[in-house]
Amino acid sequence: MAPPNAQPPPAALVAAAVAANNTSSTRKNKYARDKAREWQWADVKDAVENHGRILFVYKQDVYDVTAWAKNHPGGELALRHLNGKDATDQMRVFHPPPVLAKLPMYRAGTLAPAARAAPAPPLIVDPALYGDEPHQTYDASLLKPILDHPHLAPKGHAVHTMNHPDAIPLESAAFIEYCDRVVTKYRELDAEIRARGLYETRMSFYWLNLAKFVTLLGFTVYSVTQILSPASTGALEMSGIAYWSLLLVTAVALGMFWHQNAFVAHDAGHISVTRNYTADWTIGWILGNLTGGISIGWWKKSHNVHHIITNHPEHDPDIQHLPFFAISSVFLRNVWSSFHRKTMVFDAAAKVLVRVQHYSYYLIMAFARFNLYAQSFIYLATDTDTNKNRTIELTGLVLFWAWFGTLMSYLKADPAGLIVFVLLSHATTFLLHLQITLSHFAMSVHEVAAHEPFPSRQLRTTMDIDCPTWLDWFHGGLQFQAIHHLFPRLPRTSFRAVRPLIMKFADDAGITYHHVPFIQGNGMMLSNFAEVARQIRIVFRREKLDKKGI
């Protein structure tokens, strides 16, 4: 099932596929749905690259979702990252049984016996991921000649690569057998988790979270309106020290409300709270749009892509943070973003900011929430892929700014207090952004095999954070991101119970399960940032050497 080694598509292949796709509209569609068709991999490749179809394989059957893709709740872009691929594992772990039960209406045939027996499918390029804009195709080897210059004496830097035994050549039958074993063990693990009932949600956990949210938000509102407001008798009776102490505590309480409710909004986005799409979307809207000011639709589109193509420089928006951060030297070359539909240019600002990213990281994270506000409005104003609820989402954001603005108006007579409150409440959420990025920013961004098994990719690009059970409330499940990436719909109340099974699976399959303490994880991330910054200085020095003819 798994393939031999294949590098990302060269620019020429992408250009050819784009050109073919642009002319395909004039042809008769020879791939009209026919449930009796037997597909060869060459047919799948031709349908995707030359006829603009969106196809995937699930349990040896071929499904054509071209006409329906724009209605996909997870976004068309998420489907395109699975286009032309065997998506059996992704489909099973991302969707509940009622959704999978609807698949037969999109069935377009089955893989032919010869295709099933093939050691690996061909590399298939979806032209829509690249568009018509000329760009630099991702290639991890592009920077090597610069960094290997004899006058620069670069230091070695450990990079997590493909999870497979080093002794097995990537193009060998042994490697293909190894990948098949990984997939088999993964599916056995999923079956065991389901058999143990670990996909069942413990609703009492969420009722306790609701009580926590009401307490934090209620305390904030009461403190601001009844005590801190200059118009209240409480503020008049307080000393300066008492006033500022309460103001700081209240700002942190609001920040912790946003920090904690994001975890449940995340669970709801994966439909893992009530297991009902409408109910969980509503929970996500309340916690995201209404009380958090962040579009649940924007989050779902970005997050779904992140899960499917984790840590890919061209495709994963969660690691595309120029000009502030670059987690790999790959970004020193202009890289195309299929999510943002533009080339991420390593410009003058990036040359300055990335060089100090290991110093500026925590400071920038303190302001990251303001960027999420902006991204939410940009998404609702411009997106046509997943944005099916624009009106209600906009309503939620407007109501958020209405209640938050009203709350802040109680502090308008004290401008200094107002500014401190706004900045501190938002800075408190830097913890959330740290927890989100920590598990990925020190991990691999390199593509080693074009059809790498799903579980292998997730454990190669994600690490867990070790922490005691009593701190689980603080991390909100993000300390188990590797487990979450393997099973996105698994309730976080089951993460600790599943962890021993994950560790056994990794041992049996020969995959490294990365998990480190919180402080060590921070050190790994900052070390990686510092290494990339060092490589930028090397590039600048190389430019000077070239000018001198050395």
Side-chain angles (χ1 to χ4, degrees), residues 216-217 220 224 247-248 250-263 265-266 269 284-285 287-303 306 317-327 337 339-340 342 344 347 349-350 352-354 356-357 359-383 387 393-409 411-412 415-438 441 476 478 529:
L216 287 169
L217 189 57
T220 299
V224 169
L247 184 140
L248 296 179
T250 306
V252 170
L254 180 58
M256 289 304 296
F257 166 74
W258 286 329
H259 173 261
Q260 291 290 301
N261 86 357
F263 299 141
H266 171 265
W285 178 83
L287 297 178
N289 297 65
L290 181 60
T291 62
I294 297 172
S295 163
I296 188 64
W298 166 80
W299 177 86
K300 284 173 69 72
K301 177 179 179 178
S302 172
H303 198 66
H306 162 69
D318 280 17
I319 64 168
Q320 296 173 348
H321 298 297
L322 289 179
F324 298 102
F325 306 123
I327 70 170
S337 169
F339 184 86
H340 297 292
K342 66 179 183 180
M344 297 178 293
D347 56 16
V352 173
L353 294 170
V354 174
V356 297
Q357 61 183 357
Y359 300 115
S360 64
Y361 171 76
Y362 296 109
L363 176 62
I364 291 175
M365 288 296 100
F367 295 91
R369 191 172 186 87
F370 294 106
N371 176 58
L372 301 189
Y373 294 149
Q375 293 299 323
S376 295
F377 279 108
I378 292 172
Y379 164 78
L380 292 174
T382 64
D383 187 84
N387 187 9
E393 283 222 56
L394 278 172
T395 300
L397 296 186
V398 169
L399 290 174
F400 165 80
W401 287 107
W403 75 256
F404 181 65
T406 300
L407 185 65
M408 292 301 95
S409 70
L411 300 175
K412 64 183 179 181
L418 173 60
I419 293 172
V420 169
F421 188 97
V422 171
L423 291 179
L424 181 58
S425 61
H426 285 76
T428 301
T429 64
F430 97 92
L431 295 166
L432 174 64
H433 302 288
L434 168 61
Q435 291 163 324
I436 291 172
T437 58
L438 185 59
F441 275 16
L478 296 185
F529 275 159

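Because only heavy atoms are used, hydrogens play no part in the values below, and waters and symmetry mates are left out as well, while side chains stay in.
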Next item on the list: Apply side-chain contact (heavy atoms from CB on, under 4.5 Å) to the pair His433 and Leu372, showing each step before the final yes or no.
Entry: CA-CA 11 Å; His433 302 288; Leu372 301 189; 3.5 Å; yes
Check: Yes or no on side-chain contact (heavy atoms from CB on, under 4.5 Å) for Leu254 and Phe404, after CA distance, side-chain angles and deciding distance?
Finding: CA-CA 11 Å; Leu254 180 58; Phe404 181 65; 3.8 Å; yes
Next item on the list: List the steps, then state whether side-chain contact (heavy atoms from CB on, under 4.5 Å) holds for Phe325 with Met365.
Entry: CA-CA 11 Å; Phe325 306 123; Met365 288 296 100; 3.5 Å; yes
Checklist line | Phe421 vs Thr250, side-chain contact (heavy atoms from CB on, under 4.5 Å): CA-CA, chis, key distance, verdict | finding: CA-CA 8 Å; Phe421 188 97; Thr250 306; 3.7 Å; yes
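The backbone N or O of Asn289 lies less than 3.5 Å from no partner atom in the side chain of Glu393, so there is not a single donor-acceptor pair. Between the side chain of Ser376 and the backbone N or O of Ser295 there is at least one donor-acceptor pair closer than 3.5 Å.
Distance check: Phe430 CZ to Ile364 CD1 gives 13.5 Å after rounding to the nearest 0.5 Å. Here the NE2-CG distance, from His321 to Leu353, works out to 14.0 Å after rounding to the nearest 0.5 Å. Taken to the nearest 0.5 Å, the CG atom of Asn261 stands 10.5 Å off from the OG1 atom of Thr429. Taking CD1 of Ile296 as the start and CG of Leu397 as the end, the distance is 11.0 Å to the nearest 0.5 Å. A distance of 7.5 Å separates CG of Asp318 from CD1 of Ile436, quoted to the nearest 0.5 Å. Rounding to the nearest 0.5 angstrom, the gap separating the CD atom in Gln320 from the CZ atom in Phe339 is 8.5 Å.
Here the closest heavy-atom approach between residue Leu432 and residue Ala262 is recorded as CD2-CB, 3.5 Å. Minimum heavy-atom separation, Gly269 to Lys300: O-NZ, 2.8 Å. Counting all heavy atoms, side chain and backbone alike, Val224 lies closest to Leu407 at CG1-O, 3.4 Å. Listed here is the closest heavy atom pair of Trp298 and Tyr379: N-CE2, 3.3 Å. Between Ala251 and Thr428 the shortest heavy-atom distance is O-OG1, 4.5 Å.
Taking the six-membered ring where tryptophan is involved, the planes of Trp299 and His303 are essentially parallel, since the angle between them stays under 30° and well short of 60°. By the 30° and 60° cut-offs, the orientation of the rings of Phe441 relative to Tyr361 is perpendicular.
Partner of His426 under the ring pair (Phe, Tyr, Trp, His ring centres under 6.0 Å) criterion, chosen from Phe367, Phe257, Trp258: Trp258.
Between Leu322 and Asp347 there is no side-chain heavy-atom pair separated by less than 4.5 Å. The side-chain heavy atoms of Leu478 and Leu438, taken from C-beta on, include no pair separated by under 4.5 Å. Residues Arg369 and Ile294 form a side-chain contact, since some pair of their non-hydrogen atoms from C-beta on lies under 4.5 Å apart.
Counting non-hydrogen atoms of other residues, nucleotides and ligands closer than 6.0 Å to CZ of Phe324 gives a total of 12 or fewer. More than 12 heavy-atom neighbours from other residues, nucleotides or ligands sit within 6.0 angstrom of OH on Tyr362.
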